[in-house]
Every structure is written in C-alpha cells, then in structure tokens.
Amino acid sequence: MSSPVVFPFKSNIDLDRNSNRHLYLQLCDQMIGFIKSGKLAPSSKLPGSRKLSEDLDIHRKTVVAAYDELISQGWIESIPARGTFVSQDLPIVNPKKLQSFSNTSSTKNIAGFNFKKRKHLIRKGIETPHTTIKIDDGVPDHRLAPIEDITKIYRNIIKKTHNRELLTYGDIYGNIDLRKALVFYLNQTRGLKITIDNILITRGSQMGIYLASQLLLNDKKTIITGNTNYMTADDTFTEAGGIIKRAYVDAQGIKTDEIETICKRQSISAVYVTSHHHHPTTVTLSAERRMHLLDLAQRYKFAIIEDDYDYDFHYSNAPILPLTSNDTDGNVIYIGGFTKIIAPALRIGYFIAPKEVVDEAARLRRILDRQGDTLLEQTLARMINNGDVQRHSNKVRRIYKARRDLFCRLLQKQLGGFFDFEIPKGGMAVWVQLKKPYHWDSVIALSQKQNLVFINDWKRYDNDNSGHNGFRIGFAKFNEEEIVEVIDTLEIVFESISKSNPVF
Ligand SMILES: Cc1ncc(COP(=O)(O)O)c(C=O)c1O
C-alpha cells in the first residue's frame, strides 16, 4: 500500500468557520465526498496531520479528530510507521463533480425509491413568523404547565438507583404504577368501574383513536361521525380503511335517530363521539341521546369510540359523566389523556376498553411504538397519587373559565354584528358562525395582513358542504392581554371588510 500524496487538499477543501457544523466534521464530510467520488482512490496516501493542518490553517487537533472519525467509520486506515491511507476495500461510486459533495449535509428532497403517499393527510402549511397571532381550534396554554412539580418529581425518581429499572424495556400496557393510579383517578372522577386490565397507556388521545380505528375499521368497515367532526379523527378513520357516514349534529349533540336509521339499513362497526363537548361545535351530548346511543350499540353490536379529550374543562356545572360509565355491555372504547390538562408535548393518554380489546390494542401498539416514556409515566403516577394533577386541573379550569368569559364578552361587544355564537359550557374553543354574506376567505386573507393567522382550514369544518360558515376559535391559550389583542385585531379586519364592501 503506497502512493504519494498527490491530491491538492489545500485548494479543494473549503471549511466554513461560521457554520454550526464543527470544523473536524466538515473536513470529514469533504474527505468522504472525495473518496466516494473516486477523487481519492483506495490506498491513496493522506497527508500527515501536521502538514494538512498547516495547509488548511486549522489546529492540528482538528485534523487528528477528523482522521480518528474517518478511521472509526472505516473510510481510512492508519498503518504504523507508514502513515494514513484511504481504505483499500471501499466500493467506488461513480465520479461526480467535487462541487456536488462540497456540502454533504444539504437536505435531499426526493427519495430514490417508491413509497405510498397519502394525499388525504396533507395539510396546508402556513408560514408564520414568531410574532404572528395564531388562531388554533382550542389548545391549552403550555405556559401554565406545572414544570416545577414535574421536574422535581422526575429528578427524584431518576436519582434513586432502584428506579433505573424504568430505563429498560417495560410493560407494553404502560407503567404499572400509572395504570394503578388511573384506576383510582378515573373511577373517582368519571364514575368508571375499571381495573388495571382495562387500561392501556398511550401517547395522548390521538394514539388511542388510531389504535381503535385499526382494530375496528379495516376493509371498508363503516364508522359514523358527526357531520361536523374532529378533522384528525376523520383522517385517522380514512387511513385505517374505514368508510365514514355522517349523522347531523344539533344543539343536543349527534342525532342518534339518524344513527339508528343508518343501522337499520346497513351494518356499522363504530360510532365516534366527542360526547362531552362535540368537536368542533362544543355542544354536550344530551342524557337522552347518550342512553339511546348505548342502547343502539348493544342492539346493533357496534363500538362507540368515546373521545373525552377535554373532560376536565366544564365550567357551568359538574362535568357530565362519560358514556362509558353507563356501559354495561362492553361497547365503549374510552379515550382520554393529560395533554390538555398538563401540556400537549407531554404525551400521555389512556385507552380504556374491555380486557380483550385492550390486549389486542397493546399488541398493536407494540409494533408502532414499543412503549411510552416510562419515567414520565411514573412521574405522572406520583402526581396523581399526591393530588398534584387534580390541583393543577382545578387551577387551569378557573383560568380558562375566566378567559372564556372575557373572550365571549369582547366577541359579543366588538364583533357581535358579524358572528353568531353560543358561550361554550366547557372546553377551550368557541364555535362561531360568520353571518352571511361575510365570507371566511376574506376574513382570513385580511387577518393575515394584520399578522393574525388562522392555522386551520375553515373548509374542513364543513365536511358535508352544508355551508354552515362555522369556525372553531380557541381562546384557552391566550392570556387576557392577548385576548384583547385578538379581538381588537379582528375588529380592524371587519371594519376594513365593511368599508371595502358597503353592500355588507
Ligand atoms: C377532539 C380531539 N381528540 C383528540 C385530540 C388529540 O389529543 P392528544 O394531544 O391527547 O393526542 C385532540 C387534540 O386537539 C382533539 O381536539
């Protein structure tokens, strides 16, 4: 193995001292590029570290670090008393222009292989600068998350040697202490009668919806949802292979007589309900319809997927107990979680169902995401057991109620001429209907000019093209000052709409 150093490193290596990428890694990237392109052939001798550092005007340690990295990756080898060489057994890739390798960290956009692209999952992305006011469909204020409590408990847990066990592979059903804590918590707060066998811990409610649809909807099985519905749930059902049929949603929630009519005509596998506060219109499913739905599920043998995503936020009276608390026939899959009470990024939720369904869902979850974050789950178990979660939930409920009141008061006062809406009894959003002939397209376009962006596509709220002109506006994540700013900005938008079109 020998060939003199002929490659002109000095003129070909271009290191960017302002880049975030460390100099030794830039040197590695470029050397690998030369080797792959065939510019540096197998067995070529490389300059010594002192020489190369002088040529490139960099510290010798940087070259040594780059060579060490290339040796560990197998691109080059060091032969005692002889020097450093490009490895002999590397496959040569077709020579390409050196320039194309000068920035090997550049992102590739096009795959060199075929894969399934799901057009129905594409959402219009909107570029939003940091300063923009973003209108979402009701998310919690992450600034209220009890970070001190979480970090203190998390640290205490991880510090104890015996808890290191939590770092290894764990139970596919989720952390046992959290499941035990949930038995107590859910039975007490929601009137459930479950044991740990009925609980699978998920990463938020969305994973529960996904698992339920995979269990129920393959092969074009039918699911009934509201004619307005939570968009991501619709996407999840379609993705699972289900066919969605719609039943009308009015002030009492989803119309169960329409569900019954469909059941008489065809077999259905599931009904999806957000019974506490319908998403998006926020109405609560009436007691009569709850009983009717449970009766239908038992008679027609379908599953009810009850997504109770915002159970903890009911402001006028005590929350209504979920359907599942009255389910004596094993027809309900109950889905919920802590992302709304604590913070969306702390992904802990639960999937509650008859044991055999939980077992199957756990096996399915295993191949999607081996297990959840056991340490975080243990932390949450402690926070439930010592009452932190309940205290925090009471605190944020009071804050969101005050925000709802302010938001709705200002909405009525400053924009009442443009919108119809009911004050929601709970949740984190208001369902507003733009009075005709105003149109969301112009509201959205003009709002953007005022630095206010609606992040959801309003058309997606109208699944069956009924032209209801409704939109769900989240208020919970805005503090008082921000609420005033949102409403004032919308007022400016509507003033300009009215002026530019005096017909309105
Ligand atoms: C109706 C509904 N279900 C489920 C979810 C998903 O919640 P998670 O963040 O717990 O997955 C959301 C999120 O906004 C929601 O609005």
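Whatever order the structure lists ligands and atoms in, that order sets their numbers, starting from 1. Here the structure is a predicted model, which is why all the values come from computation and not from measurement.
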When you measure from atom 3 (N) of ligand 1 to every protein heavy atom, which one gives the shortest distance, and what is it?
D307 OD2, 2.5 Å
A student checking ligand 1 against G204 at a 4.0 Å heavy-atom cut-off should list atoms 10 (O), 11 (O)
Pull out every atom of ligand 1 sitting under 4.0 Å from any heavy atom of H279, numbered as shown with elements.
1 (C), 16 (O)
Are any non-hydrogen side-chain atoms of I244 and T238 less than 4.5 angstrom apart?
yes
Got the closest protein heavy atom to atom 6 (C) of ligand 1, with its distance?
Y230 OH, 3.8 Å
Residue pairs passing the ring pair (Phe, Tyr, Trp, His ring centres under 6.0 Å) test with at least one member in residues 175-208, sequence neighbours excluded, are Y185-F338
Ligand 1 N/O within reach of Y309 N/O, cut-off under 3.5 Å:
no
Contact (N/O only, under 3.5 Å) between R203 and ligand 1
no
Atoms of ligand 1 under 4.0 Å from any heavy atom of T339, numbered from 1 in the order shown, are 8 (P), 9 (O), 10 (O)
How long is the span from the CG atom in N326 to the CG atom in L192, to the nearest 0.5 Å?
10.0 Å
Going by heavy-atom distance to atom 14 (O) of ligand 1, choose the closest among K340, M428, M231.
K340
Using distance alone, decide if ligand 1 has a nitrogen or oxygen within less than 3.5 Å of any nitrogen or oxygen in T274.
no
Please report whether the ring centroid of F454 lies less than 6.0 Å from that of F471.
yes
Determine which pairs satisfy side-chain hydrogen bond (donor to acceptor under 3.5 Å, both in side chains) with at least one residue from residues 406-423, sequence neighbours left out, and list them in order.
Q414-D488, Q414-E491
Within a distance under 4.0 Å of any heavy atom of R347, pick out the atoms of ligand 1 and give their elements.
8 (P), 9 (O), 11 (O)
For K425, look at atom NZ and say whether over 12 heavy atoms of other residues, nucleotides or ligands are found less than 6.0 Å away.
no
Hey, do the aromatic rings of W458 and H439 have their centres closer than 6.0 Å?
yes
